[in-house]
K.L.:
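First the structure, then my questions, so here it is.
These numbers come from a predicted model, not from an experiment. Numbered from 1 within each chain, the chains take letters A, B, ... in sequence-line order.
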Amino acid sequence: DSGVTQTPKHLITATGQRVTLRCSPRSGDLSVYWYQQSLDQGLQFLIQYYNGEERAKGNILERFSAQQFPDLHSELNLSSLELGDSALYFCASSVRGREGLNEQFFGPGTRLTVL
Amino acid sequence: AQTVTQSQPEMSVQEAETVTLSCTYDTSESNYYLFWYKQPPSRQMILVIRQEAYKQQNATENRFSVNFQKAAKSFSLKISDSQLGDTAMYFCAFRNNAGNMLTFGGGTRLMVKP
């Protein structure tokens, strides 16, 4: 158990809908990262937040957004869902935002299926 | 942009044998970090081993060790005394010193046979 929690574990929804994925980082970790794992694209970095502020952005679609709250949990919002958004979404956390080895610990993921 | 390549989509090894998974990367950075993650059927991403590029000594964690060749931009993972529980997808990942994101390779599916 990495200490990172994600809810829900599974999510099934229809095209055009909007969903919210939730992540709670390890106690004391200030940084949260979101990754998408799909058959087509492999594992891709989406976005990072550090202590409530957006720190880095990767291949995140405009239909997707994220935020990190004062209690450091984070939510990833996916809207106008398409079939191709079906994937495993991982949250990871680390103590710091940038410097040093800064190991990232991954949550169990949320499996999103868009029908 | 950095790229990470794992040229072996699938590999198999007999239990108790040794296997080496390959990884190459492309970067113009001089200081960076390399990782191997394991993803078993449960889909959990588990850190196996890590290497800091400025350290010449190869990292070792129990049965897992790496062969880090900085000039060749190569970072292979050796698993000794393979166990059935080592069956998983293995991902090589790169992180530069200035950024935060991990860039992953396409993965190698390892099957350990009894």
Side-chain angles (χ1 to χ4, degrees), chain A residues 1-6 9-10 23 25-26 29-51 53-60 66 68 87-112, chain B residues 1-10 23-25 27 29 31-55 57-59 61 64 66 68 75 88-109:
Chain A
D1 185 357
S2 66
V4 180
T5 61
Q6 290 186 248
K9 288 186 179 180
H10 303 278
C23 168
R26 295 186 321 154
D29 283 1
L30 300 178
S31 247
V32 169
Y33 310 78
W34 287 97
Y35 292 86
Q36 178 196 59
Q37 185 177 27
S38 65
L39 289 175
D40 293 341
Q41 304 292 331
L43 260 164
Q44 285 195 110
F45 168 74
L46 295 178
I47 197 165
Q48 179 208 0
Y49 277 82
Y50 175 74
N51 204 20
E53 301 286 329
E54 183 183 304
R55 177 62 66 92
K57 189 177 276 192
N59 297 321
I60 188 167
Q68 186 179 27
L88 185 57
Y89 291 85
F90 284 108
C91 169
S93 74
S94 67
V95 173
R96 295 182 296 274
R98 181 175 299 177
E99 295 78 18
L101 186 53
N102 203 23
E103 178 181 336
Q104 295 182 24
F105 295 87
F106 281 75
T110 292
R111 166 74 67 187
L112 173 66
Chain B
Q2 290 80 20
T3 57
V4 179
T5 302
Q6 294 178 247
S7 59
Q8 306 150 314
E10 293 186 0
C23 172
T24 58
Y25 56 94
T27 184
E29 305 283 337
N31 194 23
Y32 47 86
Y33 303 89
L34 297 163
F35 305 85
W36 278 97
Y37 280 87
K38 168 185 177 181
Q39 188 178 40
S42 67
R43 309 296 271 177
Q44 176 76 48
M45 293 290 288
I46 302 165
L47 180 65
V48 174
I49 198 165
R50 58 198 181 196
Q51 175 81 41
E52 295 151 76
Y54 63 86
K55 290 187 177 179
Q57 186 173 3
N58 288 326
E61 289 285 345
F64 298 87
V66 298
F68 173 49
F75 183 61
M89 282 288 288
Y90 286 82
F91 291 95
C92 178
F94 172 101
R95 185 179 75 81
N96 66 25
N97 197 41
N100 320 304
M101 57 181 278
L102 290 169
T103 300
F104 288 91
T108 295
R109 186 177 302 278

K.L.:
Closer than 3.5 angstrom, by distance alone: can the side chain of B:Gln44 be matched with the main-chain N or O of A:Phe106 as a donor-acceptor pair?
P.N.:
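Confirmed, B:Gln44 side chain pairs with A:Phe106 backbone.
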
K.L.:
How long is the span from the OH atom in B:Tyr37 to the CD atom in A:Gln104, to the nearest 0.5 Å?
P.N.:
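With rounding to 0.5 Å, OH (B:Tyr37) is 5.5 Å from CD (A:Gln104).
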
K.L.:
Does any heavy atom of chain B fall under 4.5 Å from the side chain of A:Gln37, the backbone, both, or neither of them?
P.N.:
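A:Gln37 touches chain B through side-chain heavy atoms alone.
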
K.L.:
Can you check side chain to side chain contact (heavy atoms under 4.5 Å, CB included) on A:Leu43 and B:Gln39, steps first, answer last?
P.N.:
CA-CA 12 Å; A:Leu43 260 164; B:Gln39 188 178 40; 5.5 Å; no

K.L.:
Is A:Phe105 in contact with chain B via its backbone, its side chain, both, or neither, using a 4.5 Å heavy-atom distance?
P.N.:
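Interface part for A:Phe105: neither.
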
K.L.:
Quick check against the 3.5 Å criterion: does A:Tyr33 have a side-chain atom that pairs as donor or acceptor with the backbone of B:Leu102?
P.N.:
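Not a single qualifying donor-acceptor pair exists.
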
K.L.:
Apply the test side chain to side chain contact (heavy atoms under 4.5 Å, CB included) to residues B:Arg95 and A:Phe45: give CA-CA distance (whole Å), side-chain angles for both, the deciding distance (0.1 Å), then the verdict.
P.N.:
CA-CA 11 Å; B:Arg95 185 179 75 81; A:Phe45 168 74; over 6 Å; no

K.L.:
Just how far is it from atom CD of A:Glu103 to atom CZ of B:Phe35, taken to the nearest 0.5 Å?
P.N.:
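Rounded to the nearest 0.5 Å, the CD-CZ separation comes to 7.0 Å.
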
